[in-house]
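Keep in mind it's a predicted model, so treat the numbers as computed, not measured. Throughout, protein chains are lettered first and strands after them, A, B, ... in sequence-line order, and every chain is numbered starting at 1.
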Amino acid sequence: MHYLDTLNPQQRAAVEQTEGPLLVLAGAGSGKTRVLTCRVAHLIEQGVPPWKILAITFTNKAAREMVDRVDTLAGEAGHDAWVSTFHSCCARILRRDIEKLGYKREFAIYDEDDRMSAIKAVCKAMELNDKEYPPKVVRAVISDAKNRMLTPSEWLEDEGDNFRNRKLSEAYQRYENMLRGNNALDFDDLLIKTLVLMSEHPPVLEYYQDKFDYVLVDEYQDTNAAQYQFVRLMAGKKRNLCVVGDDDQSIYGWRGADIRNILEFERDFPDCKIIKLEQNYRSTGNILDAANQVIAHNAGRKEKALWTQSDSGEKVGLYHAMDERDEAAFAALMSKKLISQGCRPGEIAVLYRTNAQSRVLEEAFVRAGVPHRVYGGQRFYDRKEVKDLIAYMRALVNPDDDISVRRIINEPKRGIGESTIDALAAHAEVNGISLMAAALDAGEAGLSSRAEKLVSGFAALMMELTEALYTQTISEFAATLIEKTGYVKALEQSKTEENEARIENIHELEGAVSEFEKLNPEGTLSDFLENVALITDVDNLNQTSGAVTLMTLHSAKGLEFDAVFLAGMEEGVFPLSRAMFDDDALEEERRLAYVGITRAKKRLFLSHARTRMLYNSRSANQLSRFVDEIPRRLIQDGSVRMDARVPRPMGRASADGYSAPRPSAPNYSYARAQAAPAKQPSQPDALNIPGLRRGADYAQEVPQRALKLFKPGDSVVHAVFGRGRVERVEGEDSAQKVIVRFDNGSLKRFSASIAPLRRID
DNA sequence: CTCCTTTGTCTTTTT
DNA sequence: GACAAAGGAG
């Protein structure tokens with residue numbers, strides 16, 4: 001069957017309407033990705049040369065998927081289409097022409113950490129009081145200005161000219177200067193500099209406008225001002241622009257995404273066609289119903305009504321946990337149960353609002369012995385040892401990158417301290433040269449003879465590595481780098497478990513370089529670094545890998561799973577406390593809830609904790625209003641146990657105020673947040689309904705948390721890792737850490753009080 | 001001058 | 001509870 005015949009009429013219309021501006025409003029799970037891929041395939045089939053197509057997606061993963069799927073529909077030709085994220089697309093354009101803006105081709109791409117280092121350096125240079133001007137605030141100002149595409153002076157004008165703003169504007173200007181001096185761009189710059197390039201060099205703009213006959217944009221609701229401009233420029237001439245999005249899934253307002261871009265598309269392109277995709281192919285009726293009910297509480301939406309032909313399916317499970325550990329145990333053990341019933345681990349996801357929630361969840365999965373993977377949070381490339389080696393690479397490719405040079409000049413420790421670096425930096429400043437150049441010129445920097453010797457040693461190392469870089473393949477070079485810097489050797493000096501893990505990470509980095517080389521035989525180190533900067537953790541998600549996925553709600557956008565757990569359904573957690581009294585922020589939280597619910601295909605579990613460790617103290621939060629907004633009829637309260645041997649009580653009377661059916665008028669739930677706390681369950685006995693296991697029961701399936709202490713030489717057994725012997729202990733009492741050598745030779749470090757570890761005689 | 005310990009701060013989401 | 005800055009010892 002031809003792929004066009006597999007589409008419903010709306011989808012098919014969206015594919016075949018190739019000419020002119022087109023807005024596709026695609027509800028969650030309505031086959032948006034299929035439409036996009038078929039559209040590309042269709043264009044190719046119509047005789048459009050693939051290289052005349054530009055398709056922009058939100059993540060690299062989505063881009064890859066699209067290429068793969070176009071492949072199967074239209075064959076190899078699909079590879080010649082430009083399918084990428086905004087950021088990689090801009091990086092590609094800039095690699096070609098950035099010299100026109102006075103940068104060098106090997107420009108570095110700064111991540112959030114590098115950006116922060118640069119900002120701190122700026123604050124230091126300006127002698128800003130970090131109480132009055134915390135680097136974080138400066139960063140927020142710069143981000144905000146860049147998101148709105150304002151220059152430092154424009155920002156000042158916009159914000160009002162006063163002493164403080166003048167300082168902030170100056171900091172922004174200095175930051176810009178510093179990045180330029182370092183031949184570096186931050187994420188926002190990738191977009192902004194591309195726009196500058198286009199506006200200052202019309203032939204470049206013309207080249208791309210002529211090059212691309214068709215432009216497609218996915219997740220259009222999450223574009224910000226710069227991205228919007230970029231899209232308009234690219235499609236400006238041919239006007240064959242197709243944007244696909246869902247205003248209900250706009251969740252990046254905080255990053256400058258402007259929901260108006262989608263709401264006002266019609267105004268920008270008055271002749272545009274609009275097609276709505278409203279049939280959902282993903283979720284069961286109950287799940288979809290719940291999602292629709294929640295999102296209906298938002299005002300100012302594009303009217304659409306998602307429907308499905310699927311059965312209503314199971315009700316939405318709601319679990320009342322005692323605390324966050326119990327909640328985590330529930331998610332882990334229920335996942336285990338689902339897996340034992342035949343669900344593939346890769347088809348299960350636990351989603352949460354903040355990364356901070358991931359730790360407890362992960363611990364529970366480890367304890368339950370359920371294979372899992374945590375995405376987001378700290379990326380592999382954010383680990384210190386990996387960042388250090390990457391910094392070496394960056395400094396070698398782009399010696400103007402002072403931030404990277406500063407990072408590695410004394411890493412591993414080679415006796416070059418703060419004062420020596422400051423002297424070098426001063427020398428560099430005076431002579432208008434980079435820090436690396438100053439180090440190569442150590443004799444002239446007025447250092448003590450000891451310091452000069454050390455710096456010269458570093459300079460010699462960098463020379464040697466530069467030579468290697470130009471004579472070896474990149475994988476050979478990676479090995480040379482690790483060898484010559486003595487990085488691993490330094491870690492081997494003290495054989496702690498932490499250092500061993502670091503060494504492993506370094507080898508993994510080596511592996512990543514080789515892998516990259518295999519996939520891109522022509523790739524340079526600079527290409528590798530670009531890849532590192534723009535790839536995210538989630539891009540590596542592999543649903544067939546046999547592990548449960550743990551990630552934030554934001555990361556889950558665009559993904560789908562058979563079973564989804566939404567953890568932390570509590571006021572103050574989700575919605576976040578700072579969003580609770582701000583209507584716009586609250587609507588964005590609600591859209592996030594909608595995104596979370598609609599990730600689920602068959603089963604959806606919501607959970608909340610009666611008390612939770614939050615920030616510094618234990619707090620009792622009310623059930624999230626988003627749960628209240630789901631009609632009672634769709635919720636199976638406390639029914640989430642899937643153990644068929646025990647009869648499950650239906651329609652349980654609400655004994656605890658948590659599960660009480662409440663009217664779900666929006667005004668009511670808003671008022672509730674300010675009212676007195678709901679009744680707390682005063683008598684735990686009231687919950688002792690036969691057959692219904694609640695909170696504490698789940699916690700009990702987890703090894704006891706009584707205070708256990710160990711001493712070196714103890715024979716122990718661990719629930720996951722098996723038998724071993726205590727090699728060392730650190731800390732006392734509840735803070736005791738045990739280092740265990742397992743029979744298979746591996747060495748692990750645990751918290752004695754919480755690890756599923758016990759002594760055997 | 002470095003490195004280790006202590007103290008204090010701050011917790012949203014990410015290309 | 002994690003991490004940075006600051007302070008003290010070698």
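- Listed by chain and number, the residues in a salt bridge (Lys or Arg N to Asp or Glu O under 4.0 Å) with A/Lys193 are A/Glu176 (sequence neighbours excluded).
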Which atom pairs, one a donor and one an acceptor, fall under 3.5 Å between side chains of residues 572-579 of chain A and the rest of the protein, sequence neighbours left out?
none

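- The side chain of A/Thr552 contributes an N or O atom lying less than 4.0 Å from OP1 or OP2 of B/dT14.
- In this structure, A/Ser88 reaches neither bases nor backbone, as no heavy-atom distance under 4.0 Å exists between it and the strands shown.
- In this structure, A/Thr536 does not reach the B/dT14 phosphate: none of its side-chain N or O atoms is under 4.0 Å from OP1 or OP2.
- Residues passing the side-chain contact (heavy atoms from CB on, under 4.5 Å) test with A/Asn520, sequence neighbours excluded: A/Phe516.
- Counting only heavy atoms from C-beta on, A/Phe187 has its side chain closest to B/dT15 among B/dT14, B/dT15, C/dA5.
- For A/Lys557, no side-chain nitrogen or oxygen approaches OP1 or OP2 of B/dT13 to under 4.0 Å.
- Among the atoms of the strands shown, only primed sugar atoms or phosphate atoms (P, OP1, OP2) are found under 4.0 Å from some heavy atom of A/Ser555.
- When distances are taken from the side chain of A/Thr354 to each of C/dA2, B/dT11, B/dT13, the shortest belongs to B/dT13.
- In this structure, A/Leu553 reaches neither bases nor backbone, as no heavy-atom distance under 4.0 Å exists between it and the strands shown.
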Let me have DNA chain B in dot-bracket notation, would you? Count Watson-Crick plus G-U wobble pairs, both distances under 3.5 Å, and use [ ] for pairs crossing earlier ones and | for inter-strand partners. ||||||||||.....
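- Counting non-hydrogen atoms under 4.0 angstrom, A/Lys61 reaches nothing in the nucleic acid.
- Considering only the side chain of A/Asn355, B/dT14 comes nearest among B/dT14, B/dT15, B/dC1.
- In this structure, A/Phe86 reaches neither bases nor backbone, as no heavy-atom distance under 4.0 Å exists between it and the strands shown.
- A distance of 11.0 Å separates OG1 in A/Thr549 from NE2 in A/His372, rounded to the nearest 0.5 Å.
- A donor N or O paired with an acceptor N or O is found under 3.5 Å between the base of B/dT13 and the side-chain atoms of A/Trp254.
- Partners of A/Lys557 by salt bridge (Lys or Arg N to Asp or Glu O under 4.0 Å), not counting sequence neighbours, listed by chain and number: A/Glu219, A/Asp222.
- Under the rule for a salt bridge (Lys or Arg N to Asp or Glu O under 4.0 Å), the partners of A/Glu570 that lie at least two apart in sequence or sit in another chain are A/Arg612.
- Ionic pairing of A/Asp114 and A/Arg394 is present here: one or more N-O contacts between side-chain nitrogen and carboxylate oxygen are shorter than 4.0 angstrom.
- A/Arg359 comes within contact range of the sugar-phosphate backbone alone, with a heavy-atom separation under 4.0 Å but no base atom that close.
- Residue contacts for A/Glu588: at a heavy-atom cut-off of 4.0 Å it reaches no nucleic acid atom on any strand shown.
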